Q: 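Please read through the structure below; I'll follow up with questions.
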Number of protein chains: 6
Amino acid sequence: MPPSPMPQPLPSLPPIIYQQVIRDSLREDLGRAGDLTTDAIVPEGLKVQADLRTRQEGRVAGLEASLLAFRLLDPGVEIEILRRDGDDAAAGDVLATVTGEGRAILSAERTALNLLGRLAGIATVTRELVRSIAQSRAQVVCTRKTTPLLRALEKHAVKAGGGANHRFGLDDAILIKDNHRAIAGGAAEAVRRAKAYAGHLVKIEVEVDDLRELQALLDLGIDAVLLDNMDAATLRQAVAMVDGRAITEASGGITPQTAPALAASGVDLLSVGWLTHSAPVLDIGLDMEPQRP
Amino acid sequence: MPPSPMPQPLPSLPPIIYQQVIRDSLREDLGRAGDLTTDAIVPEGLKVQADLRTRQEGRVAGLEASLLAFRLLDPGVEIEILRRDGDDAAAGDVLATVTGEGRAILSAERTALNLLGRLAGIATVTRELVRSIAQSRAQVVCTRKTTPLLRALEKHAVKAGGGANHRFGLDDAILIKDNHRAIAGGAAEAVRRAKAYAGHLVKIEVEVDDLRELQALLDLGIDAVLLDNMDAATLRQAVAMVDGRAITEASGGITPQTAPALAASGVDLLSVGWLTHSAPVLDIGLDMEPQRP
Amino acid sequence: MPPSPMPQPLPSLPPIIYQQVIRDSLREDLGRAGDLTTDAIVPEGLKVQADLRTRQEGRVAGLEASLLAFRLLDPGVEIEILRRDGDDAAAGDVLATVTGEGRAILSAERTALNLLGRLAGIATVTRELVRSIAQSRAQVVCTRKTTPLLRALEKHAVKAGGGANHRFGLDDAILIKDNHRAIAGGAAEAVRRAKAYAGHLVKIEVEVDDLRELQALLDLGIDAVLLDNMDAATLRQAVAMVDGRAITEASGGITPQTAPALAASGVDLLSVGWLTHSAPVLDIGLDMEPQRP
Amino acid sequence: MPPSPMPQPLPSLPPIIYQQVIRDSLREDLGRAGDLTTDAIVPEGLKVQADLRTRQEGRVAGLEASLLAFRLLDPGVEIEILRRDGDDAAAGDVLATVTGEGRAILSAERTALNLLGRLAGIATVTRELVRSIAQSRAQVVCTRKTTPLLRALEKHAVKAGGGANHRFGLDDAILIKDNHRAIAGGAAEAVRRAKAYAGHLVKIEVEVDDLRELQALLDLGIDAVLLDNMDAATLRQAVAMVDGRAITEASGGITPQTAPALAASGVDLLSVGWLTHSAPVLDIGLDMEPQRP
Amino acid sequence: MPPSPMPQPLPSLPPIIYQQVIRDSLREDLGRAGDLTTDAIVPEGLKVQADLRTRQEGRVAGLEASLLAFRLLDPGVEIEILRRDGDDAAAGDVLATVTGEGRAILSAERTALNLLGRLAGIATVTRELVRSIAQSRAQVVCTRKTTPLLRALEKHAVKAGGGANHRFGLDDAILIKDNHRAIAGGAAEAVRRAKAYAGHLVKIEVEVDDLRELQALLDLGIDAVLLDNMDAATLRQAVAMVDGRAITEASGGITPQTAPALAASGVDLLSVGWLTHSAPVLDIGLDMEPQRP
Amino acid sequence: MPPSPMPQPLPSLPPIIYQQVIRDSLREDLGRAGDLTTDAIVPEGLKVQADLRTRQEGRVAGLEASLLAFRLLDPGVEIEILRRDGDDAAAGDVLATVTGEGRAILSAERTALNLLGRLAGIATVTRELVRSIAQSRAQVVCTRKTTPLLRALEKHAVKAGGGANHRFGLDDAILIKDNHRAIAGGAAEAVRRAKAYAGHLVKIEVEVDDLRELQALLDLGIDAVLLDNMDAATLRQAVAMVDGRAITEASGGITPQTAPALAASGVDLLSVGWLTHSAPVLDIGLDMEPQRP
């Protein structure tokens, strides 16, 4: 049969991965007694239409996950999605329109926006960093420095921003750091232990702090090296030493200012923790108007 | 009997409130197969001692909650706590020392640091804002713009930073916003509905956008007014109009730069969403050394 | 725009608050093997219609929550709701009609009735107490003496009975009791500590046992006083002493017999634990008849 | 080897059966912010000793389960148990003494007492009913009309009161009721289906409304008959008709007043729903005094 | 009214009993990042049709439970069920056809097949054993030697294979084994204790190892005896000794080879652990073809 | 510092990975009422000592996980571990001795043995297969055809048997199968999509059915090829074609009989589903004797 089209660069996450987080977040906000203000003021059956609208320019991420908050409080809500994760939105753009029970929409608003703003914030700073190194062949990757319980969603947001994903956890790849090396008595022994232990689909990366350490690694047959806290010149030397025998990843204090020079060194990856641990939220609001019956 | 001493300004959170979050975060990082790198390299029974050490100056928050990650992987771990939530720490200070199974400590490291850095980051930016208005009588308060599932911990971090807490959820106070007023057909009717509905220990606050709206509220007997997006001069007028009949809270785009002037208006509270939704993490690391048996 | 109508005095609880309780209750009754009797006898595909019918006069509460039990076992069940929470029903009235899979309806019957009878029982005794003090301006309020895991539903049932809600938990208001006062070394110090700790939307209530204690409190600026175990005459004096400076709540052994005199003292609230901890169930049954295909 | 002694008539429930209920009840009461009052007033490290003491005479049940609430908030709490489930206690008796962190004990108090009062209340009314029929050979049994999620604990409380347990759920025995008979087209066919379906360790009981129905059942080889809503005279006839071929159970509106006459009919069991669905709580309180350091 | 038809010998399990297992199994396979392969290759919106098809002859069990995996990933999936639990299927038969999102179907495939193959495997070996003793009046029953967390589904599979169910757990019948007898100081004392403790709908079975032990039991009025590890001749003697006073169950190392002779002894039941703990899976696959839009 | 010793080939799983499975399995067996037999017969406080003892020769796996069942019912139980996962045990060997509350040990017995027998069964058949190919350089690997919710434990058991682990789920490596290739329109396009999507630590494996397909893959730079259902001769050709450019894995109907010839082909891996989906349990029992006080 003829081939199907290539998938979008950013496939949707299956809701089964995040629905418990949305459900628990709603419960966290509703507490035992529910939304006192809305219950006091808004009559049941009053329908409203509301727009999720950006207050500033940015990159969309987490839209479907966030909209689930409305669905969980009003299963009959109608949702029109106008932007997709990975799209850019200007300030004032409507990302989605939600039409349903006014009570449900008001009560779910903060839960939806808290998640959406955070994920779009991550996508937006990732996009900025990706753009800053567009002249190079390097990719931006995130780390395991994510928000507790949001790793899958935040990794998805990084992809929405044009970045790529590093390990999702401690169990899907081996990354040998200083402490592991020290305990093993050296990188060579650490790599030997890792190879003896790892399954055939597990890659091995090793962190190095200087070129001497790097040199010692190159014949061990590892998949990637993490070049920690090196300046652009040293990185360039490192890339030359590696010479394609491993993927090269630069790490440590990378900012949009320093990224272009670092990327120009020829490294494959720039890994950046603050994409997920310190990105400011993107300001997104909900504009609502009651509908006449 | 003689009175007990006054409690610390910042009592510990009972672990039952956060332990599920720590447990689930560990599972999120360990996945199905556990820590491949550590399991490959570190022998069982190797004890290590590790210091949780700041890499930059800041305010401590979430220390006990974060340390639970180590305890959950090694119930026999010994922990010495050197700083408490609410303390300041210089760059390089040791917050706590952890001694136990090397495997457990390495595997729990990232889970502990992800939480601790985030909470200390919140405490630190809160402290900065609090300091910026030290000349005034105003307090800094946070909002419901918190990270999904971390509200209790993040509100605690705001207190560690010297701030105070606003509502914890939709169910512990009434806060009438624009949409509620519009649906009710005006603030007076909205307040009437709220009073008819609220229990006797529920306070009522109303958001207003200008002084005209404020004027209309003052005789309704509400507990607090949220003065949204007003400049310092307008705030000063608002405070004068209220004249002690309600708590006054300023909100909207408050930064360390604008805060002193706003606080000088005489408002009781400055509420700030970015304390919890956009604070950068405080950089804290784990320094480890194996112990000889 | 024109104002919306005032909400019903008793808004529905959002199902997300109670659905886990219903789901777990069904599992508690079905166990591992399911409903042996029904599975043995009732063929799949046999539709039945069943009426939820009162066996005695009373006040309805918890109807929607209880009906969820049928929906969870037969997602296609059709439900006609004939009474709402807060309505009175005569003996023999049909509250709702349920039409669907016979197996599902028989298997869910007891789970639904156990919850409904309990909540309607609470609403009914609350209504009786409310009626007994109709000549006064006092309100009936419940306490935290609720059934484990049913607090939100039972507080809702009290409202269905015409009562009001006290605190929902330890975290939505401050209530200083004897032990707290003793530990602080007196009420004044306890209140001082509470004010220093409480957020701006947290009210403070203090329990007192006699008029001398009450006197000492009046200048401390608290929101409410809990007048414990006072007779009507003492209550009257207390109300006069308070003179509108705080909400007054009477508590302790209040029954429909003693309530009118106590309420006539002028107190604002009568709080009553037995509404939730000792109300007998309202007798409600399920009358079923198979339908011809 | 020599035989062990006979177990107590009332073995302890394994905590794994109820610990989730206790944990969730504590979370229900502590909410997101914890015990505001206690945290404001009671300093960490202040030890207190507290007595769980009856305020009225009754039968103890659920003591160990309730005490778990204290342990969960203070793992180091010391507990001295002075009465066991199934013991009688006079008004003012101390059931247990709890010594530990004042904060933990104050915060867990209501959770512990809500459960303990309920279970002791059930045990106490059961004891009364059991005593009322002490002259007969009949036993008191409870039903499935229990509080949602508390079935195991409430069935245990019935045993503490001297009663026995009926089915724990829909899956541990077959009980054919009116609706089942009607759907099957008669009791004989219903029993036939039940026997074809039931495993070899599943007993079968059938509910009958009159002696004619009973007569038709007697040759079907069932284990028990539920004689619904019969007066003492009819019951006596029923017992004679059954003549030992099945266990006989009387049901329907049984009270301490009517029980003696019904029991005198010779039935084996009186089953009573209100033991679990409508028992008033037993009044039990916590008396505390701070300890000097 | 006219009687309803007799239910199928194998009623469906209510999904509430197993849905958490299916949901958790999907999460176990999808992990944090989801199905990398499918997300990389299959575009959203591509519909496929897939057949669940046997690769070998066998007995169907667990079909509806397994199909839930597809529904959970694609709520709009269309499912045509062609065989029911308890049916036989030849190699190559299609059990069900699933039409929906290609991504969902590919991602759910292994979760569905892992469960279905296991349950059909159990049904198939049960069927073989049942057929091997078709000449006798004995039934095949399973034990509590089931897979952790799958007991309800595996007991159902045994019924699909033509077998019957023994106890579902420790709490729905009493089975006195060697250790219990030893602790009690003999079978008679053990039975006495069991009778004193058991509710009126709880049956009592006792395990015996030889005819002498059996003899001692026969006057104790127990419901069933478990004749452990006896050969056919001894079993025949045992059945004669019991002479209908209890249900007789043979146990211990029963295979399709030994079963006919053992069954011919006249015992009521052959109980067999390996039906659930060691049955090989039935080979079932998913054949898929993309649909043109 | 001097290097630590190499870890055991089989590190312990962290209990946080499996403890919920053990806890839920205990609840599954105890049900609502607990262990009726034990509670009726065994007095509280009676201590017993019990040996976990093999009834047949095999390889140990899952011992610590299984022993957790005893600890959860008796936190004070003393456990002496005599064999470790990965050890061989002769028939009659004691794997561990458990000393504690008789009730707890009897009630946990089946839960512990069900898990232990299954995991040791997997380890034992894995060991047999590993031994059968000891002359070759090939490794035995398991698949995702594991028991629902036991994947981590069963993968661990495979390692205890001397095998290695394939993917743990859909998210830790890419494995392109027939359906993926067909949807992409060919292997080359599927691989192109996979490379565009995969993170830098994700390996890619492709399944092929014949040598022609294999040839087309070799220049695409993939990490591994899955050679499905090839005979030994074809495998040998495949290995020669691949010539070290990818890891080679043979799959499909591999048995201890066919494995030696297949392994002799020079493939790196033999992957075998039945290790986890169809291994018979290893027979292990619990031998107990009461202790005199």
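Within every chain, numbering begins at 1; the chains are lettered A, B, ... in the order of the sequence lines, protein sequences first and strands thereafter. The figures here come from the full heavy-atom set of this structure, side chains too, leaving out hydrogens, waters and symmetry mates. Everything quoted here is computed from the prediction, not taken from an experiment.
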Q: If every non-hydrogen atom of D:Ala40 is compared with every non-hydrogen atom of C:Arg193, which pair is closest and at what distance?
A: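 Nearest pair, atom of D:Ala40 first, then C:Arg193: O-CB, 3.4 Å.
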Q: Taking the side chain from D:Thr37 and the backbone from C:Ile176, do they hold a donor-acceptor pair closer than 3.5 Å?
A: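 It does not hold such a pair.
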Q: Quick check on the interface: out of D:Asp24, D:Ile22, D:Ile174, D:Leu26, who has the most heavy-atom pairs with chain C under 4.5 Å?
A: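 So the answer, after comparing D:Asp24, D:Ile22, D:Ile174, D:Leu26, is D:Ile174.
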Q: Looking at C:Gln20, I want to see if its CD is surrounded by more than 12 non-hydrogen atoms of other residues, nucleotides or ligands under 6.0 Å.
A: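 Correct, the count exceeds 12.
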Q: So what's closer than 4.5 Å to chain D heavy atoms on C:Arg144: side chain, backbone, both or neither?
A: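 For C:Arg144, the contact with chain D is made by backbone and side chain together.
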Q: With respect to chain C, which residue among D:Gly102, D:Ala190, D:Gly199 yields the maximal number of heavy-atom pairs within a distance under 4.5 Å?
A: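 Top count of heavy-atom pairs under 4.5 Å with chain C: D:Ala190.
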Q: Any non-hydrogen side-chain atom of C:Lys177 less than 4.5 Å from a side-chain atom of D:Leu106?
A: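 The answer is no; the side chains never approach within 4.5 Å.
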Q: To the nearest 0.5 angstrom, please state how far the OG1 atom of C:Thr146 sits from the CZ atom of D:Arg110.
A: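 CZ of D:Arg110 is found 9.0 Å from OG1 of C:Thr146.
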Q: Which atoms of C:Arg32 are under 4.5 Å from chain D, going by heavy atoms: the side chain, the backbone, both sets, or neither?
A: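 Answer is both: backbone and side chain atoms of C:Arg32 are under 4.5 Å from chain D.
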Q: Measure D:Arg118 against the heavy atoms of chain C and call it side chain, backbone, both or neither at under 4.5 Å.
A: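 The side chain, not the backbone.
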Q: Strictly distance-based, threshold 3.5 Å: is any side-chain N or O of D:Glu28 a donor or acceptor partner for the main-chain N or O of C:Leu150?
A: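 Checked: pair present.
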Q: Which distance, rounded to the nearest 0.5 Å, do you find between the CG of D:Asp29 and the CG of C:Leu149?
A: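 That separation rounds to 11.0 Å.
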Q: Side chain, backbone, both or neither: which part of C:Thr276 has a heavy atom under 4.5 Å from chain D?
A: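 For C:Thr276, backbone heavy atoms alone lie under 4.5 Å from chain D.
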Q: Between C:Ala196 and chain D, with a heavy-atom cut-off of 4.5 Å, which part of the residue counts as in contact: side chain, backbone, both or neither?
A: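 Interface part for C:Ala196: neither.
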Q: Working to the nearest 0.5 angstrom, can you tell me the gap between D:Thr38 OG1 and C:Ile183 CD1?
A: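 One finds 7.5 Å between OG1 of D:Thr38 and CD1 of C:Ile183.
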Q: What distance do C:Asp283 atom CG and D:Trp274 atom CH2 have between them, rounded to the nearest 0.5 Å?
A: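 Rounded to the nearest 0.5 Å, the CG-CH2 separation comes out at 14.5 Å.
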Q: Which pair of heavy atoms, one from D:Asp39 and one from C:Tyr197, lies closest together, and at what distance?
A: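 Distance-wise, the nearest heavy atoms are CB-OH, 3.5 Å.
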Q: Hey, which of C:Val42, C:Thr147, C:Leu30 has the most heavy atom pairs under 4.5 Å with chain D?
A: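 Highest number of heavy-atom pairs under 4.5 Å: C:Thr147.
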Q: Is it the side chain or the backbone of C:Ala279 that comes within 4.5 Å of chain D heavy atoms, both, or neither?
A: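 Only the backbone of C:Ala279 comes within 4.5 Å of chain D.
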Q: Looking at CG of D:Leu170 and OG1 of C:Thr111, how far apart are the two atoms once the value is rounded to the nearest 0.5 Å?
A: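 That separation rounds to 7.0 Å.
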Q: Of the backbone (N, CA, C, O) and the side chain (C-beta and beyond), which part of C:Ile41 lies under 4.5 Å from a heavy atom of chain D, both, or neither?
A: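 Both backbone and side chain.
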Q: In terms of heavy-atom contacts, does CD of D:Glu64 have more than 12 from other residues, nucleotides or ligands at under 6.0 Å?
A: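 No, because the 6.0 Å sphere around CD of D:Glu64 holds 12 heavy atoms or fewer from other groups.
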Q: With only heavy atoms counted, which part of D:Ala173 is less than 4.5 Å from chain C, the side chain, the backbone, both or neither?
A: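 Backbone only.
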Q: Under 3.5 Å, side chain of D:Asn114 to main-chain N/O of C:Pro148, donor-acceptor pair present?
A: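 Not at all, since once roles are kept as given, no pair shorter than 3.5 Å links the two residues.
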Q: Considering residues at least two apart in sequence or located in another chain, which fulfil the side chain to side chain donor-acceptor pair (under 3.5 Å) criterion with D:Ser25?
A: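 Residues passing side chain to side chain donor-acceptor pair (under 3.5 Å) with D:Ser25: none at all.
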